[in-house]
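Letters A, B, ... are given to chains in the order of the sequence lines, protein chains preceding strands, and every chain is numbered from 1. Fair warning: this is a prediction, and the values are worked out from it, not measured in the lab.
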There are 2 protein chains.
Amino acid sequence: MKDGPNIVGIAALIGDHARAEMLTALMAGQALTATELATVAGVTKQTASAHLAKLLDAQLLALERQGRHRYFRLADRDVAQLLESLMGVAYRVGALRLRSSPREPALRKARICYDHLAGELGVLIYDALIERKLLHMIDEQPQLAPAGQRFCRELGIDIDALAAQRRPLCRACLDWSMRRRHLAGTLGAALLERCLTLGWARRVQGSRVVSFSVPGELALRREFGVAGG
Amino acid sequence: MKDGPNIVGIAALIGDHARAEMLTALMAGQALTATELATVAGVTKQTASAHLAKLLDAQLLALERQGRHRYFRLADRDVAQLLESLMGVAYRVGALRLRSSPREPALRKARICYDHLAGELGVLIYDALIERKLLHMIDEQPQLAPAGQRFCRELGIDIDALAAQRRPLCRACLDWSMRRRHLAGTLGAALLERCLTLGWARRVQGSRVVSFSVPGELALRREFGVAGG
DNA sequence: TTCATGATTCGATGCTAGGCGAACCATTCG
DNA sequence: CGAATGGTTCGCCTAGCATCGAATCATGAA
């Protein structure tokens, strides 16, 4: 009656407080050292070391050595997507943290979803693209219209370079906080990158939060043709 | 540093042998009783009862009472997809069962993926549809071409009824055993249903295996224009 | 070389949670 | 009604594993 791959090990690894905390922190996309991860997990270095060894062994994390530092990051996008889909189920089910973070509102407003923008502003961009018919849906999957390609070029995004990659250009990613869709894929990643280089927003150190300045958010809303705040 | 929903509880629930066994069994799509689930998990009824209570409480399972029986099924498609993506990561990572099932080959050949066909034959169908340009890719997402609609109608599938549903008609689902894509969505479900009613294949009791008869597989390959065995 | 810091290994400890036996409720059937 | 079967509750036991202190290894700086 034992059908299929052994999911127990993977799930059990994620099903521990300290390790889940580490993995969640790494969802921000940047690599962290063992000591930093020990801090976010709230455990000592020895404990963190044991956890990290297990996560490495299971290939959920990848390691980059740099001098006497060891930087850890999520092994690949598959793992990130697994974590997001876990968050989706957890959120839907109402399994929120009892003591939710003081920065939760900022997180709901705009955050990194591994390499693209999620949260209210992420959903807002997505909706605006659909509304203005720059993106249209086929079988509930987004596709960039010709007008959308022009729009992106005007924003300074090299669409052709993105389209040439193996990763899909547009993908709809389900947002755990909004229960709505936002834009992933290479275009999603490029849009986030653009918001940062244009100075509209900046990353908050040690968090998934993306902090938009007031003029930055206004510029974003103007470009995408969305009123109000 | 506590960002996002609490994934620990959900992951920990799946990260237990008995419970994972139960969830995997329910991936076959049909509801099972508490006693049946106790058997597949290899535990006593009392133990199973405790596990099932937890899974219900976390809304990973749904319950249907029927007389003195209690039928359990996966709460919804989100949960099924979470489990498949866990299997994907587990398989990629090589976390196979040490004592893999004697029916593993059959499982790799053709199996139920919640409500559609997966495994070698599932991938074969998908590839054939692409090859014959009945299905074409847009941003790596499948869309049914007009010729494909005709093809499906000839197979006896009511495309218009399927397209009217809220669920997407075509979706590409990643196969853990093949690391290739196969067809999900309402059309995927309808194709499986068609294989069963045409007598090409039958479900194997208490398993995700879909067993094709020799003439059934030949008929399938003929219809989809794929040679060999 | 010596010192400081990042990181791992080892051994001991303590708690959580899964497991079962036995008894108990509930539904169906003769 | 009683017998049979599906399912739950209770109490106890045990094993696995997360955790930490202390010691050890490794890298880089002085």
Side-chain angles (χ1 to χ4, degrees), chain A residues 1-2 6-26 30-73 95 98 206, chain B residues 1-2 6-26 30-58 60-73 95 97-98 206:
Chain A
M1 211 52 82
K2 295 186 175 303
N6 186 14
I7 62 176
V8 180
I10 304 288
L13 279 175
I14 307 175
D16 168 83
H17 270 282
R19 286 190 297 254
E21 223 49 78
M22 294 175 174
L23 291 167
T24 304
L26 291 170
Q30 60 200 165
L32 299 174
T33 67
T35 310
E36 288 170 322
L37 287 168
T39 308
V40 306
V43 294
T44 60
K45 282 188 296 186
Q46 329 58 306
T47 304
S49 181
H51 287 310
L52 290 169
K54 289 179 189 177
L55 291 171
L56 273 181
D57 189 59
Q59 297 180 51
L60 291 181
L61 295 186
L63 175 63
E64 283 168 65
R65 288 195 152 80
Q66 230 174 85
R68 63 175 160 179
H69 291 277
R70 300 183 65 191
Y71 282 91
F72 296 85
R73 56 178 173 77
L98 294 180
Chain B
M1 212 50 84
K2 296 186 175 304
N6 185 15
I7 63 177
V8 180
I10 304 290
L13 279 175
I14 307 176
D16 168 83
H17 270 282
R19 285 190 297 253
E21 223 52 76
M22 292 175 176
L23 291 168
T24 304
L26 290 171
Q30 59 200 166
L32 298 174
T33 67
T35 310
E36 287 170 324
L37 287 169
T39 308
V40 305
V43 293
T44 59
K45 284 188 295 184
Q46 326 64 300
T47 304
S49 179
H51 286 311
L52 290 169
K54 289 179 190 178
L55 291 171
L56 274 182
D57 189 57
L60 291 181
L61 295 187
L63 174 62
E64 283 170 64
R65 289 194 153 81
Q66 230 174 85
R68 61 178 162 179
H69 291 276
R70 301 183 64 190
Y71 281 92
F72 295 86
R73 56 180 173 76
R97 299 174 181 287
L98 295 180

Could you tell me how far apart B:Lys45 (NZ) and C:dA22 (C1') are, to the nearest whole angstrom?
13 Å
Quick one: B:Leu52 CG to D:dG7 C1', roughly how many Å, whole number?
10 Å
Distance in angstrom units between A:Tyr71 OH and C:dA7 P, rounded:
8 Å
Less than 4.5 Å apart, any side-chain heavy atom of A:Gln30 and any of A:Arg73?
no
What are the atom names and distances for every N/O pair under 3.5 Å that joins the protein to nucleotides 21-24 of chain D?
unit_1 : atom_1 : unit_2  : atom_2 : d
D:dG21 : N7     : A:Gln46 : NE2    : 2.7

Does any part of the side chain of A:Leu63, heavy atoms only, come nearer than 4.5 Å to the side chain of A:Tyr71, both counted from C-beta?
no
Using 0.5 Å steps for rounding, measure from the CD atom of A:Glu64 to the NE2 atom of A:His69.
13.5 Å
What's the CD1-P distance between B:Ile14 and C:dG18, to the nearest Å?
14 Å
Name the residue from B:Leu60, B:Leu32, B:Leu52, B:Leu61 that meets the side chain to side chain contact (heavy atoms under 4.5 Å, CB included) definition with B:Met22.
B:Leu52
Specify the separation, in whole Å, of atom CG of A:Leu13 and atom C1' of D:dC17.
12 Å
In whole angstroms, how far is the P atom of D:dG6 from the CD atom of B:Glu64?
19 Å
Rounded to the nearest angstrom, tell me the gap between atom NE2 in A:His17 and atom P in D:dC17.
17 Å
Remember a base hit wins even if backbone is also touched, and classify A:Arg65 as base, sugar-phosphate or nothing at under 4.0 Å, heavy atoms.
nothing
Please work out if A:Thr47 contacts a base, only the sugar-phosphate, or nothing of the nucleic acid, heavy-atom cut-off 4.0 Å.
base
Below the 4.0 Å mark, does C:dG18 have OP1 or OP2 next to a side-chain nitrogen or oxygen of B:Lys54?
yes
Between A:Thr35 and C:dA7, does any side-chain N or O lie under 4.0 Å from OP1 or OP2?
yes
For the residue pair A:Leu23 and B:Ile7, establish whether any side-chain heavy-atom pair is separated by less than 4.5 Å.
no
Please evaluate residues B:Thr33 and B:Phe72 with respect to the criterion side-chain contact (heavy atoms from CB on, under 4.5 Å), reporting the C-alpha separation (whole Å), side-chain torsions for both, the decisive distance (0.1 Å), and the verdict.
CA-CA 6 Å; B:Thr33 67; B:Phe72 295 86; over 6 Å; no
If we only count heavy atoms from C-beta on, is the B:His51 to B:Asp16 side-chain gap below 4.5 Å?
yes
Any idea which of D:dT9, D:dC20, D:dA18 is nearest the A:Val43 side chain?
D:dC20
Return the value, rounded to whole Å, for the distance between atom CG of B:Asp16 and atom P of D:dG16.
13 Å
Any side-chain N or O of B:His69 less than 4.0 Å from the OP1 or OP2 oxygen of D:dT5?
no
Checking all strands, does A:Ala18 fall into the base, sugar-phosphate, or nothing category for heavy-atom contacts under 4.0 angstrom?
sugar-phosphate
